[in-house]
Amino acid sequence: MENVIQPPGPILHEETIPPGRPYASVIKRQQVLRIVDLEGQQGVDFLCYNAKRPEERYHAPNTLKAAKTLRMGKGHTLYSDEARALFTIVEDTHGGHDTIGGCCSAPSNAMLYGVKDCPGCRENFLEAMAPFGLDRRDIVPNVNFFCNVPVFENGALAETVFLPSRSRAGSFVDLRADMDALAVISNCPQLNNPCNSGKPTVIKVFIWQRE
Ligand SMILES: [Zn+2]
């Protein structure tokens with residue numbers, strides 16, 4: 001595909017994730033997960049866990065306190081509740097990834113938009129993590145790659161919370177695993193707010209080896 005910049009090391013796995021679908025895989029320490037927004041303006045919800053002991057998992061406050069920003073970019077580390085590094089963003093052509101908007105879900109779609117039976121990323125997370133023995137109790141506030149959730153000076157959020165993503169076709173983020181880590185992805189299906197600019201699209205993931 002023309003928009004894809006190939007990883008700079010051996011590719012161990014590559015997979016295309018259709019719009020609105022989930023994905024999960026264990027990334028070994030020092031391997032890198034590349035997530036590519038093939039067509040642009042696509043939100044990608046992300047959770048991660050210690051693969052060997054998944055009660056240790058992504059922790060937003062530790063991550064934000066270490067980064068001293070609400071928005072993730074190159075050089076930032078995703079920390080666990082035990083304040084250990086799960087993944088570090090070693091390359092990023094987008095920048096400013098959201099950490100506060102959380103995942104969409106059937107209940108929140110009903111609450112916010114009055115739509116019934118409209119599943120979202122939470123349901124995708126549940127589907128993707130089930131084979132790894134994880135369930136509802138394991139879902140915590142997640143990172144939203146390529147999502148645009150501005151916070152205004154008075155602390156207010158936008159009327160739609162999510163604004164259209166500024167991600168361009170081919171934007172990617174490289175996440176180096178700092179321990180053997182389970183990565184869980186939802187390629188967001190949301191149509192009730194502009195986080196996918198009204199058109200969920202395909203993404204691609206690579207797992208590649210750093211040399
Ligand atoms: Zn979503």
Side-chain angles (χ1 to χ4, degrees), residues 15-25 33-49 57-60 63-64 70-73 78 87 89 92 94-132 134-151 157-169 171-173 175 182-205:
E15 189 163 332
T16 299
I17 306 172
R21 294 301 300 150
Y23 173 79
S25 182
L33 173 66
R34 173 171 293 194
I35 305 172
V36 187
D37 178 7
L38 288 178
E39 298 183 27
Q41 299 196 303
Q42 175 60 41
V44 179
D45 293 45
F46 182 84
L47 283 173
C48 52
Y49 303 80
R57 72 272 312 270
Y58 172 68
H59 190 275
T63 299
L64 301 188
L70 294 173
R71 298 192 181 140
M72 294 291 103
L78 276 53
F87 283 98
I89 301 175
D92 178 16
H94 175 64
H97 306 276
D98 167 60
T99 57
I100 60 172
C103 64
C104 62
S105 68
S108 70
N109 283 335
M111 173 187 75
L112 295 169
Y113 312 115
V115 293
K116 283 187 179 168
D117 304 320
C118 183
C121 292
R122 179 173 179 270
E123 290 74 21
N124 272 344
F125 282 152
L126 289 169
E127 179 181 335
M129 62 178 54
F132 297 90
L134 302 179
D135 65 19
R136 173 179 173 177
R137 289 168 291 188
D138 300 299
I139 293 182
V140 293
N142 58 285
V143 178
N144 289 316
F145 288 114
F146 310 114
C147 283
N148 182 13
V149 179
V151 180
L157 302 177
E159 183 60 29
T160 54
V161 181
F162 289 81
L163 295 186
S165 169
R166 298 196 187 102
S167 173
R168 292 187 304 248
S171 292
F172 70 86
V173 60
L175 297 156
L182 170 65
V184 183
I185 286 172
S186 170
N187 187 15
C188 181
Q190 184 60 266
L191 286 169
N192 299 290
N193 71 42
C195 74
N196 305 313
S197 296
K199 182 174 177 280
T201 50
V202 66
I203 62 170
K204 188 171 176 98
V205 295

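Both ligands and their constituent atoms are indexed starting at 1 by order of listing.
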For this session: Determine, step by step, whether L112 and N192 satisfy the side-chain contact (heavy atoms from CB on, under 4.5 Å) criterion, reporting the C-alpha distance in whole Å, the side-chain angles of both residues, the deciding distance to 0.1 Å, and the verdict.
Result: CA-CA 9 Å; L112 295 169; N192 299 290; over 6 Å; no
For this session: Give every protein N, O or S atom lying under 2.8 Å from the Zn ion (ligand 1), naming each by residue and atom.
Result: C104 SG, C121 SG, C188 SG
What is the minimum heavy-atom distance between [X] and [Y], and which atoms define it?
| X | Y | answer |
| --- | --- | --- |
| E127 | R21 | OE2-NH2, 2.5 Å |
| M129 | Y49 | CE-OH, 3.3 Å |
| N109 | P119 | ND2-O, 4.1 Å |
| L175 | I35 | CD1-CD1, 3.9 Å |

Problem set entry | For F87, all residues meeting ring-ring contact (aromatic ring centres under 6.0 Å, His included), sequence neighbours excluded | F46
